[in-house]
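Take a look at the structure below.
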Amino acid sequence: MRKLEDLNKSYFGPRVSDGAGVYVAGFVFMYILQVVLMLVTGFIVELDLNNPPLWYQWVATIVNQGAFVLAVLAFGAIAHKPLLQECKINRKLHWKQILIIPAIVLVGIMAFLPLAQGFVQLIYIITKKAPAVSMDIGTQWWEVLITIVLVSVLPAIGEEVLFRGGVARGLKRKNYLFAILMSGLMFSIFHGNAAQTVHQFFIGMVFAYLYFVTGSLIASMLAHLLNNLFAVLFELALANVNITLSLGAEIAIWVVVCIIGFVAMYFLLRYMMKISKEVKGLPQNQDKMAWAKDLVNAFSVRGIKDNYSRFNSSLKMLFDDPCDNLNIDGDIIKDIPLNEVNDSADGNQNGVGDIENKSSSSSEMDKLLEEANKQTISKRKRFDIMALVVAVGIALAVWIINLF
């Protein structure tokens, strides 16, 4: 048995604290580069930052997304962990997986937009301010085209590298469901805008699920790109539409759309897992009513545990991360080679007694090392929790400041 501290220089993949660290690094790099951009444009170019031109928004988008990639690279270099190289950005998707992603994104907009609108109204009641996402897309066709490309493509790369490849992959060392839920929360409050909070929370969980279930960052990148593209196109399409409905009719429509969206999302995500298992040649559940049984099980404690266990095991097989099979929180036993025991017995008349003495001494040492390892494990878990709390606390503080 060896002390866990002796393995600190070995690479066992990102931990929860690494996911939190990358998250904070994203904040730091983004704000530093934003300050540099404002200084350059404000003092050198003498730009009016209170009323910046459209090109400034383009440059700011490029800078922010570049900051996220740099954050992953920098944190990985400092922590001696190849986070960017291992985020599975080069793993290809099957054509069936590609075809279902647009449907998932469209259904996500249906399911999550009504909840987002309701949250915005709640914030308005509390703060008397209506939160909104301000985005100038331009007036000329070429301005609109450039804006659509930048807003759709760049965040799909930068934010996915940071939030899924960096944050979610670190958080999954606890378990995959925790990574999906927590990365969705961290993704939503990172944007710092109440109008985006609810939608980004749910769609962030969908992005993380797609990343894990396909084992490819390309899946979440494609979904992110389509989500942003559809959002801009819908805004353009509805810009000149003016439909007046009663409050009751509007609420009824939102409720129906939301219910249909969530039901469709449930089946689409299940179908995505089925396709992913088929692609990897994993065994499928032949029970055609499995979806109904899973829903029924969700209303009992035992059923929830069973669903969670199967869900986590399925994602673990599909994501296929070698780090999932490395457990540095357990005892590391170093067996005594048999030839050492035989040599000791042949070289001494009292070999048996010597072996017993060594066994006794080894047993006492193992107990000491086991206790030391337990303390190390406890410290690491506390550090993971503290790092995550600090990271979320920073983002939540920024979110609250922007709220008021």
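Just so we're clear, the structure is a prediction, and the values are computed from it rather than from any experiment.
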(request) Considering only NZ, NE, NH1 and NH2 on the basic side and carboxylate oxygens on the acidic side, decide whether Asp321 and Lys88 come within less than 4.0 Å. (result) no
(request) Inspect the contact between Asp18 and Arg173 and indicate whether a charged nitrogen and a carboxylate oxygen are less than 4.0 angstrom apart. (result) no
[X] side-chain N/O to [Y] backbone N/O, donor-acceptor pair under 3.5 Å:
{"X": "Ser309", "Y": "Asp306", "answer": "no"}
{"X": "Asn227", "Y": "Ala223", "answer": "no"}
{"X": "Tyr211", "Y": "Glu160", "answer": "no"}
{"X": "Asn312", "Y": "Tyr176", "answer": "yes"}
{"X": "Gln34", "Y": "Ala60", "answer": "no"}

(message) Between Val161 and Phe68, does the side-chain contact (heavy atoms from CB on, under 4.5 Å) criterion hold? Intermediate values first, please.
(response) CA-CA 7 Å; Val161 168; Phe68 298 152; over 6 Å; no
Is there a side-chain contact between [X] and [Y] in this structure, where contact means two heavy atoms from C-beta onward sitting under 4.5 Å apart?
{"X": "Phe187", "Y": "Arg164", "value": "yes"}
{"X": "Ile148", "Y": "Ile137", "value": "no"}
{"X": "Leu113", "Y": "Trp254", "value": "yes"}
{"X": "Val22", "Y": "Leu162", "value": "yes"}
{"X": "Ser216", "Y": "Lys92", "value": "no"}
{"X": "Leu388", "Y": "Asp384", "value": "no"}
{"X": "Ile89", "Y": "Met221", "value": "yes"}
{"X": "Met265", "Y": "Phe112", "value": "yes"}

Could you pull out the closest heavy-atom pair between [X] and [Y], with the gap in Å?
{"X": "Leu403", "Y": "Ala194", "value": "CD1-CB, 3.8 Å"}
{"X": "Arg169", "Y": "Cys323", "value": "NH2-SG, 3.8 Å"}
{"X": "Ala20", "Y": "Ala387", "value": "CB-O, 3.5 Å"}
{"X": "Val167", "Y": "Gly19", "value": "CG2-O, 3.6 Å"}
{"X": "Leu171", "Y": "Ser183", "value": "CD1-N, 3.9 Å"}
{"X": "Met273", "Y": "Val213", "value": "CA-CG2, 3.7 Å"}

(request) Determine the interplanar angle of the Tyr209 and Phe311 rings, folded into 0 to 90°, and report it as parallel if under 30°, tilted if 30 to 60°, perpendicular if over 60°. (result)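 Tyr209 vs Phe311 ring planes: parallel.
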(request) Could you walk me through whether Leu236 and Val144 pass side-chain contact (heavy atoms from CB on, under 4.5 Å), step by step? (result) CA-CA 10 Å; Leu236 286 172; Val144 175; 4.0 Å; yes
(request) Report yes or no: do His191 and Gln196 form a side-chain donor-acceptor pair below 3.5 Å? (result) no
(request) Would you tell me whether Ser314 and Arg310 have side-chain atoms, one donor and one acceptor, within less than 3.5 Å of each other? (result)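 There is no such pair between these side chains.
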Gap between atom [atom2] of [Y] and atom [atom1] of [X] - 0.5 Å precision:
{"X": "Ile275", "Y": "Trp95", "atom1": "CD1", "atom2": "CH2", "value": "8.5 Å"}
{"X": "Met272", "Y": "Thr214", "atom1": "CE", "atom2": "OG1", "value": "7.0 Å"}
{"X": "Lys316", "Y": "Phe212", "atom1": "NZ", "atom2": "CZ", "value": "13.0 Å"}
{"X": "Arg302", "Y": "Asn297", "atom1": "CZ", "atom2": "CG", "value": "9.5 Å"}
{"X": "Glu86", "Y": "Leu217", "atom1": "CD", "atom2": "CG", "value": "13.0 Å"}
{"X": "Ile98", "Y": "Ile218", "atom1": "CD1", "atom2": "CD1", "value": "9.5 Å"}

(message) Under the side-chain contact (heavy atoms from CB on, under 4.5 Å) test against Leu93, which residue among Ile101, Leu210, Val279 passes?
(response)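 Of the listed residues Ile101, Leu210, Val279, the side-chain contact (heavy atoms from CB on, under 4.5 Å) partner of Leu93 is Ile101.
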(message) Can you tell me which residue among Gln97, Lys96, His94 is in a side-chain contact (heavy atoms from CB on, under 4.5 Å) with Ser276?
(response)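 Output: one option passes, namely Gln97.
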(request) Using the side-chain contact (heavy atoms from CB on, under 4.5 Å) rule, take Val390 and Ile394 through it: C-alpha gap first, then chi angles, then the decisive distance, then the call. (result) CA-CA 6 Å; Val390 169; Ile394 292 173; 4.0 Å; yes
(request) Go through Phe190 and Phe27 one step at a time and tell me if the ring pair (Phe, Tyr, Trp, His ring centres under 6.0 Å) criterion holds. (result) CA-CA 8 Å; Phe190 188 95; Phe27 264 110; 4.3 Å; yes
Does atom [atom1] of [X] have more than 12 heavy-atom neighbours from other groups under 6.0 Å away?
{"X": "Tyr271", "atom1": "OH", "value": "no"}
{"X": "Phe267", "atom1": "CZ", "value": "yes"}
{"X": "Lys280", "atom1": "NZ", "value": "yes"}

(request) I would like to know whether Leu315 and Lys172 meet side-chain contact (heavy atoms from CB on, under 4.5 Å); could you show each step before the answer? (result) CA-CA 10 Å; Leu315 291 186; Lys172 77 174 179 58; over 6 Å; no
